[in-house]
Amino acid sequence: MPKYKVKYICQNCGYESLKWFGSCPQCGVWGSFVEKAPPLILDHTVAEGSISTLSEALAGEEESRILVGIEEFDRVLGGGLVKGSVCLLGGEPGIGKSTLLLQVAGSLSSRGNKILYVSAEESVRQVASRARRLGIFSDSDNIYMVSESDLDRVLEMARALPIDLIVIDSIQTVKVSSIETIPGSLPQVRECAQRVFSFAKDREIPAFMVGHVTKEGAIAGPKLLEHLVDVVLYFEGDKRTQYRALRAVKNRYGSTLEVGIFEMTSKGLEEVKDPSAIFLSGLDGVPGAAVGVVMEGERPLVVEVQALVAPTFFPYPKRVAQGFDFNRLQLLIAVLEKRVGIPLGKYDVYLNIVGGLKSSDPALDVPVCCAIFSSYRELSIKGDGVFIGEIGLLGEVRPVSFVSRRLSEARRLGFRVAYIPKVGEELKIGEMELKSFVFLKEMFESMEEGR
Ligand code: TYD
Ligand code: MG
């Protein structure tokens, strides 16, 4: 058997090394290095009896699930909460995590489930006043509330209660007394999460942990928690607008493609069943805007991309991307520079997806490039045009999946002209005018002519 070399891993960012460090070379956090567990080696004496064939496993029971009753939420989870599963809900402070989970508790309670809602951040009175605003009264006897930061006390109470769900709001504000560091520190977060995890598995009930996300977008003390839990959800959106997207970035019981869309109203979060038009600014023909269609799971969403291209006097032009991958933006800028001849090295480029949506759908490449081009040339794109396609390194427009689904959705929302990649077969979508291109450059030429 090959000798196992000890490896060390940073519990904050997941950086691995053969050497131990006092502070992580990648993220700079102190005291985050621990020995990494060796890979699992199957020991026959242990494995016997617990090993089974796939067909035996298939014949066994499926995980039993509890439906929350909030359709968008259940869908993101892959069809409701799995018993004994542990879910981390991440998001910036103030985005609506507590509101969402209180509504989840409310909906579950009205279906006869009992919930323990642990708020280590707010007093019971504060949570109650929010519940009042959200109109959660009906079965409030089913919701137990406690404002307590000592996790052992919390779990002791939980053991004595006949509950079907436990919510810990948040994992960064609870603590165990056996560890001396402050709440929110790595050792605390790790230990607390571990205990919640064991509790959920023992009792076979689902557990939710709220995790605040830092400015850099990571859940504090994060990588470790992501490995530990079964489901990682992110609640995201632009706090200045009312729309929020709930997304699974890890799900042991379902797909990670689905997104749930909510609207923050004065009565809490409301589901948005037809989210298409909410990611449009409604401004027609302003230079720098181009509309695209992204697929979120099964669902096409029409989104507007905005770009601002402004001259710079500095040797290193600025690039800023919101809702879009930064490295991808840099690559597209290089393609525009080299293949289309736009001298973006002398310009700052700011990019934004309207409504705070984040997407990594390759079909956004074309609208991103067109928005940049439109801003650079001060050329407004007609409001009824929509753009779909991936961009290759040669400046070519590459086909993407579900083109006709995307086009049908754009047409439904009133778009009449589509700029798309050239594909073998002829597409036909109602009276939509389809302009197909092999190269991005040709697409730009056509946009200038069609002005
Ligand atoms: P909250 O759930 O406290 O956010 P988090 O737990 O992620 O920090 O919600 C924060 C915001 O939501 C707060 O600024 C007020 C707003 N809000 C509403 O607009 N309507 C409502 O009904 C509620 C409960 C909150
Ligand atoms: Mg909160």
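Just follow the structure's listing: the first ligand is 1, and inside any ligand the first atom is 1.
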Please confirm whether Leu100 comes within less than 3.5 Å of ligand 1 when only nitrogen or oxygen atoms on both sides are compared. no
Is there a donor-acceptor pair closer than 3.5 Å between any side-chain N or O of Asp164 and the backbone N or O of Ile205? no
Note, Tyr15 side chain near Pro25 side chain (heavy atom, < 4.5 Å): yes
When you compare the side chain of Arg244 with that of Ile95, does any pair of heavy atoms fall below 4.5 Å? yes
Aromatic rings Tyr347 and Tyr376: how do their planes relate, parallel, tilted or perpendicular, breaks at 30° and 60°? perpendicular
Report whether any nitrogen, oxygen or sulfur of Ser98 sits less than 2.8 Å from the Mg ion (ligand 2) (N, O or S, backbone or side chain). yes
On a heavy-atom basis, I'd like to know which of Glu270, Met264, Glu92 is closest to atom 19 (O) of ligand 1. Met264
Identity and distance of the protein heavy atom lying nearest atom 6 (O) of ligand 1: Ser98 OG, 2.7 Å
Would you say Ser98 and Asp169 are linked by a side-chain donor-acceptor pair, where the criterion is simply a distance under 3.5 Å? yes
Considering only the protein, which heavy-atom contact is closest to atom 22 (O) of ligand 1, and what is its distance? Gly268 N, 2.8 Å
Who's the nearest protein heavy-atom neighbour of atom 10 (C) of ligand 1, and how far? Gly94 O, 3.3 Å
Looking only at heavy atoms, is any part of Asp169 under 4.0 Å from ligand 1, and if so is it the side chain, the backbone, or both, or is it neither? neither
Between Arg203 (side chain) and Ala158 (backbone), is there a donor-acceptor pair under 3.5 Å? yes
Please check if the distance between the ring centroids of Tyr8 and Phe33 is under 6.0 Å. no
Taking Arg195 first and then Asp152, would you say they form a salt bridge - that is, a charged N and a carboxylate O separated by under 4.0 Å? yes
How far is atom 1 (P) of ligand 1 from its nearest protein heavy atom, and which residue and atom is that? Thr99 OG1, 3.5 Å
Could you tell me whether some N/O pair between Leu134 and ligand 1 is separated by less than 3.5 angstrom? no
For Lys267, the ligand 1 atoms whose distance to one of its heavy atoms is below 4.0 Å: 22 (O)
Nearest non-hydrogen protein atom, atom 4 (O) of ligand 1: Gly96 N, 3.1 Å
Atom 3 (O) of ligand 1: which of Lys97, Arg130, Glu122 has the nearest heavy atom? Arg130
Does Lys97 use its side chain to pair, donor to acceptor, with the backbone of Val210 at less than 3.5 Å? no
Which residue supplies the protein heavy atom nearest to atom 23 (C) of ligand 1, what is that atom called, and how far is it? Arg133 NH1, 3.4 Å
Would a distance-only check, ignoring hydrogens and angles, find a side-chain to backbone donor-acceptor pair under 3.5 Å from Arg252 to Val231? no
How close do Asp365 and Ile391 get, heavy atom to heavy atom, and via which atoms? OD2-N, 3.0 Å
Protein heavy-atom partner closest to atom 20 (N) of ligand 1 - residue, atom, separation in Å: Thr265 O, 2.8 Å
State the atoms of ligand 1, each with its element, that fall below the 4.0 Å cut-off from a heavy-atom position in Ser266. 22 (O)
Which ligand 1 atoms does Pro93 reach within 4.0 Å, using its non-hydrogen atoms? 8 (O)
Give a yes or no on whether atom 13 (C) of ligand 1 lies under 4.0 Å from any heavy atom of the protein. no
